[in-house]
Amino acid sequence: MTHIVFYEKPGCGGNARQKHWLQDAGHSLEVRNLLAWPWTAESLLAFLAPLPVAEWFNRAAPRVKSGELQPDALGRDEALALLLAEPLLIRRPLMEADGERRVGFDPAAVAAWLDSPALAELDGRRAEGCAAKHAGTPCPAPQGG
């Protein structure tokens, strides 16, 4: 199976569920803290550049969810500066395997990317976002950075 570098927010229930699915499908993970990683514009754009700017953002981040920050209204340079200054805003997970990078966790897209039939069975399940949020409780505060 595939070895995946998985950038997560520690304590995020959604990321925990995604890691579990990947490992159950036989993939190995190298888990990194997305909030503490020493991002540069170049390293972050390696993941984000193919996507529209609005898709770079975690829609569940407090500043986005409250409407204080509106990703649809941001230009590329402004958005990148915000993400580098406040990594909690970055859509997650970020994943890298075999020289290819992905943003977010759409089960069907990840299954196709990794050629993983076990993951294809997840199609239609809620795979992004905080598990606590879906249970009606707030997401835990960022830990360790």
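Just so it is clear, the model here is predicted, and its values are computed rather than measured.
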Side-chain heavy-atom pair [X], [Y] within 4.5 angstrom cut-off:
{"X": "V53", "Y": "P71", "answer": "no"}
{"X": "T2", "Y": "L22", "answer": "no"}
{"X": "P62", "Y": "L88", "answer": "yes"}
{"X": "L69", "Y": "L74", "answer": "yes"}
{"X": "L29", "Y": "Q23", "answer": "yes"}
{"X": "L119", "Y": "H27", "answer": "yes"}
{"X": "M95", "Y": "Q18", "answer": "no"}

- Query: In terms of hydrophobic clustering (I, L, V, M, F, W, Y; side-chain heavy atoms under 4.5 Å; direct or indirect links), are V5 and I90 co-clustered?
  - Reply: yes
- V31 reachable from F105 in the ILVMFWY side-chain graph, under 4.5 Å edges: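 In one cluster with F105: V31, yes.
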- Task: Test side-chain contact (heavy atoms from CB on, under 4.5 Å) on N15 and F6 and set out the steps.
- Result: CA-CA 9 Å; N15 286 162; F6 188 96; 4.1 Å; yes
- Message: If I compare all heavy atoms of M1 with all of A25, which pair ends up nearest, and what's the gap?
- Response: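 Taking M1 first and A25 second, the nearest heavy atoms are SD-O, 3.2 Å.
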- Task: Check H3 against S28 and note the closest heavy-atom contact, atom names and distance.
- Result: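 In this case the closest contact between H3 and S28 is ND1-OG, 2.8 Å.
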Inter-residue atom distance [X].[atom1] - [Y].[atom2], 0.5 Å rounding:
{"X": "Y7", "Y": "R101", "atom1": "OH", "atom2": "CZ", "answer": "8.0 Å"}
{"X": "E42", "Y": "L80", "atom1": "CD", "atom2": "CG", "answer": "11.0 Å"}
{"X": "W39", "Y": "L84", "atom1": "CH2", "atom2": "CG", "answer": "9.5 Å"}
{"X": "L45", "Y": "L83", "atom1": "CG", "atom2": "CG", "answer": "9.0 Å"}
{"X": "R76", "Y": "L48", "atom1": "CZ", "atom2": "CG", "answer": "9.0 Å"}

- Task: For side-chain contact (heavy atoms from CB on, under 4.5 Å), just list the numbers for E30 and R32, CA-CA rounded to whole Å, side-chain angles, deciding distance to a tenth of an Å, and then say yes or no.
- Result: CA-CA 7 Å; E30 178 181 332; R32 296 181 179 170; 2.5 Å; yes
- Message: Can you see whether F57 has R91 sitting over its ring - NZ or CZ less than 6.0 Å from the centre and within 45° of the normal?
- Response: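 No, cation not above the ring by the 6.0 Å, 45° rule.
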- Task: Carefully, step by step, assess W56 and L51 under the rule side-chain contact (heavy atoms from CB on, under 4.5 Å).
- Result: CA-CA 7 Å; W56 295 2; L51 300 173; 3.9 Å; yes
- Just do the salt bridge (charged side-chain N to carboxylate O under 4.0 Å, His left out) check on R102 and E96 with the steps written out, would you? CA-CA 6 Å; R102 295 289 187 269; E96 183 174 6; over 6 Å; no
- Query: Around D24, counting heavy atoms of other residues, nucleotides and ligands shown, do more than 12 lie under 6.0 Å from its CG?
  - Reply: yes
- Message: What verdict does the side-chain contact (heavy atoms from CB on, under 4.5 Å) test give for L89 and N58, after you've listed the backbone C-alpha separation in whole Å, the side-chain angles of each residue and the deciding distance to 0.1 Å?
- Response: CA-CA 5 Å; L89 296 171; N58 173 9; 5.9 Å; no
- Message: Under a 4.0 Å threshold between the charged nitrogen and the carboxylate oxygen, would E8 count as salt-bridged to K19?
- Response: yes
